[in-house]
Undergrad: 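Before I ask anything, let me first share the structure, which is written out below as structure tokens.
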Number of protein chains: 2
Amino acid sequence: MINYGQSSLDWLATMKAMTEQKVGRPRAFDRDQALFQALNVFWRLGYEGASLSDLTEAMGINRPSLYAAFGNKEQLFREVLARYHELSVPSIAMALEHAEIYVALEQLLRINIRQITNPNVPAGCLLIRGVPVCNDTTAPIYQAVVDQRLGQESLIRERLEQSAQAGELAANVDPVDLARTIMAFSNGLSIQSVNGATHAELERSVELFLRGLKVLLVA
Amino acid sequence: MINYGQSSLDWLATMKAMTEQKVGRPRAFDRDQALFQALNVFWRLGYEGASLSDLTEAMGINRPSLYAAFGNKEQLFREVLARYHELSVPSIAMALEHAEIYVALEQLLRINIRQITNPNVPAGCLLIRGVPVCNDTTAPIYQAVVDQRLGQESLIRERLEQSAQAGELAANVDPVDLARTIMAFSNGLSIQSVNGATHAELERSVELFLRGLKVLLVA
DNA sequence: TATATTTTGTACTGATCGGTACTATATGAA
DNA sequence: TTCATATAGTACCGATCAGTACAAAATATA
């Protein structure tokens, strides 16, 4: 391994320096902040509904700057998807780390309704609002969105398979089926949020779901 | 009341004759069949993704014929929504007619997964695929879609309120909350279907959900 | 200071969008 | 036949779409 210095912080600094441009007119905007604004626009308007004018206005840059920094609309959305992944997966993974499976799933759902009713971002989930169907426009990025939804479900499934090994699931409860069931409910909550349901209302739905979920786990 | 004849069939015939054109070149296409094709296109491509070219091609008519018969894209979609309502609500209502609340909800979910995995139509639900967000394009019809989703939830809620009156719900189970919970799960199944889940897989998720649901109802 | 390099901003491209003007055509009524 | 009415089909409209050509401006290097 190449020695970039004495600590990993040095290594990070070196990597950053390597990716930073050294010559030419410096970029007048923060690429990360612009990407976050793009995330917000795609979240709010959907992939098709977000025009280049919507994006550049929110990002505070002009059109050629967007293309120079991000490629095109499709590649910008792919980066947005990656950013959304970074923002959502850690909290899912953290919830699922709880030793008790019931608490893990409870935390998962409670964190979920916090996120989909966060007033600082659009209601619901980007992965559901953003690209609901596959058509000529969305075809290039449709599968990536579905894959990310399936990726979240896999996180739940893997945790449930641990529980199944440990004998924590009730009789005739398949972890794959239960993961799909929880994911369905979670995604449905996102639609409820878009419908206008409040956090308190979603909380009561989660509590009802959890009462039923207990039957599927061993005491 | 005006007497249109001896029977309600005569009345229907009279109404039909009144709405049928009597003068001018006759329409060369079946309006109902064209509307059904439009439903299919909106279902498959979404409201934004369905272009007038997509619509006219599938409907087998040219552009001025569409505008003469349906007004414009927005009004056509409103008629499509009404058609979808006619196709979906009766089966929901029929399922909920069962005397036993558990059976009613079971039928509801089983009919639901039959419909959202029907190979003759696009996967999932038009009300979720068709108009996921509100933007400049979808604003005129967005609320109508949300209202139809809420209308389906109301059907469930009203049935559950009957059960609550009859003491068929477990302690601390509010019918409004339970209706929202069931609707969320049902909508999530629609997304699972779009993800590629099979009917058999959704059936197993429904069965797990029903096992939990039993706890929320009195034996 | 001179040069190479990159970003910025304006102004544009062809393609497609939803919607329509206009003419030809097909009917019922006179 | 003749006329009034309504649809069919072609060919078009202005607006907007994603994407880009080009030149001015701002930096590092030499």
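So you know, we letter chains A, B, ... as the sequences are listed, proteins then strands, and number each from 1.
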Undergrad: Short question: side chain of Arg44(B), backbone of Pro122(B) - any donor-acceptor pair under 3.5 Å?
TA: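 Pair absent, no side-chain N/O of Arg44(B) close to backbone of Pro122(B).
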
Undergrad: Taking only Lys NZ, Arg NE, NH1 and NH2, and the carboxylate oxygens of Asp or Glu, determine whether Glu79(B) and Arg83(B) approach each other closer than 4.0 Å.
TA: no

Undergrad: Find the distance Leu45(A):CG to dA18(D):P and express it as a whole number of Å.
TA: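 After rounding, the reported distance stands at 11 Å.
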
Undergrad: Taking atom P of dG19(D) as reference, at what distance in whole Å does atom CG of Leu76(A) sit?
TA: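 Answer to the nearest Å: 10 Å.
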
Undergrad: dG19(D), dG18(C), dA21(C): which one has an atom nearest the side-chain heavy atoms of Tyr67(B)?
TA: dG18(C)

Undergrad: How many Å lie between CD1 on Ile61(A) and P on dG9(C), as a whole number?
TA: 10 Å

Undergrad: Could you list by number each residue of residues 131-148 of chain A showing a heavy-atom separation from DNA chain C of less than 4.0 Å, or answer none if no residue does?
TA: none

Undergrad: Using only side-chain N and O atoms of Ser51(A), determine if any of them is under 4.0 Å from OP1 or OP2 of dC17(D).
TA: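 For Ser51(A), the contact criterion (side-chain N or O under 4.0 Å from OP1 or OP2 of dC17(D)) is met.
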
Undergrad: Between dT8(C), dG9(D), dA28(D), which nucleotide gets closest to the side-chain atoms of Asn62(B)?
TA: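 The answer is dG9(D), which lies nearest to the side chain.
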
Undergrad: Please say whether the positively charged group of Arg63(A), taken as NZ for Lys or CZ for Arg, lies over the ring of Tyr67(A), i.e. under 6.0 angstrom from the six-membered ring centre and within 45 degrees of the axis.
TA: no

Undergrad: Any Lys/Arg nitrogen of Arg110(A) or Glu203(A) sitting under 4.0 Å from an Asp/Glu carboxylate oxygen of the other?
TA: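 Here Arg110(A) pairs with Glu203(A) in a salt bridge, since their nearest N and O are under 4.0 Å apart.
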
Undergrad: Heavy atoms from C-beta onward define the side chain here; which of dT8(C), dT27(D), dA26(C) lies closest to that of Ala28(A)?
TA: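 Output: dT8(C).
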
Undergrad: Quick check: any donor-acceptor pair below 3.5 Å linking the side-chain of Arg63(A) to the base of dG19(D)?
TA: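 Indeed, a donor on one side and an acceptor on the other fall under 3.5 Å apart.
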
Undergrad: Between dG19(D), dT8(C), dA8(D), spot the one nearest the side chain of Arg27(B), thanks.
TA: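 Within the option list, the nearest is dA8(D).
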
Undergrad: Using whole Å, report how far CD of Glu48(A) lies from P of dT16(D).
TA: 18 Å

Undergrad: Nearest to the Pro64(B) side chain among dT20(C), dC17(D), dA26(D), which nucleotide is it?
TA: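 It is dT20(C).
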
Undergrad: Look at the side chain of Leu52(B) and decide which nucleotide, out of dT10(D), dT8(C), dG18(C), has an atom nearest to it.
TA: dG18(C)

Undergrad: In this structure, how many angstroms lie between the C1' atom of dG19(D) and the CD atom of Glu74(A), rounded?
TA: 13 Å

Undergrad: In whole Å, what is the span from the CG atom of Leu55(B) to the P atom of dT16(C)?
TA: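 Atom CG in Leu55(B) sits about 17 Å away from atom P in dT16(C).
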
Undergrad: Could you tell me how far apart Phe77(A) (CZ) and dC17(D) (C1') are, to the nearest whole angstrom?
TA: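 Roughly 18 Å, once rounded to whole Å.
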
Undergrad: Is Arg78(A) salt-bridged to Glu74(A), going by a charged N under 4.0 Å from an acidic O?
TA: yes

Undergrad: Please determine whether a side-chain nitrogen or oxygen atom of Ser65(A) lies at a distance below 4.0 Å from atom OP1 or OP2 of dT7(C).
TA: no

Undergrad: Ignoring hydrogens and geometry, is there a side-chain-to-backbone donor-acceptor pair from Thr181(A) to Leu208(B) under 3.5 Å?
TA: no

Undergrad: Given the structure, check if the side chain of Arg25(B) and the base of dT25(C) hold any donor-acceptor pair shorter than 3.5 Å.
TA: yes

Undergrad: Taking only Lys NZ, Arg NE, NH1 and NH2, and the carboxylate oxygens of Asp or Glu, determine whether Glu161(A) and Arg157(A) approach each other closer than 4.0 Å.
TA: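 Counted as a salt bridge, because a side-chain N and a carboxylate O are separated by less than 4.0 Å.
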
Undergrad: How close or far is atom C1' of dG18(C) from atom CZ of Phe42(B), stated in whole angstroms?
TA: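 Rounded to whole Å, this separation is 11 Å.
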
Undergrad: Tell me whether Asp54(A) contacts the main-chain N or O of Ser51(A) through its side chain, where contact means a donor paired with an acceptor under 3.5 Å.
TA: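 Yes, the answer is positive, given that a donor and an acceptor are paired below the 3.5 Å cut-off.
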
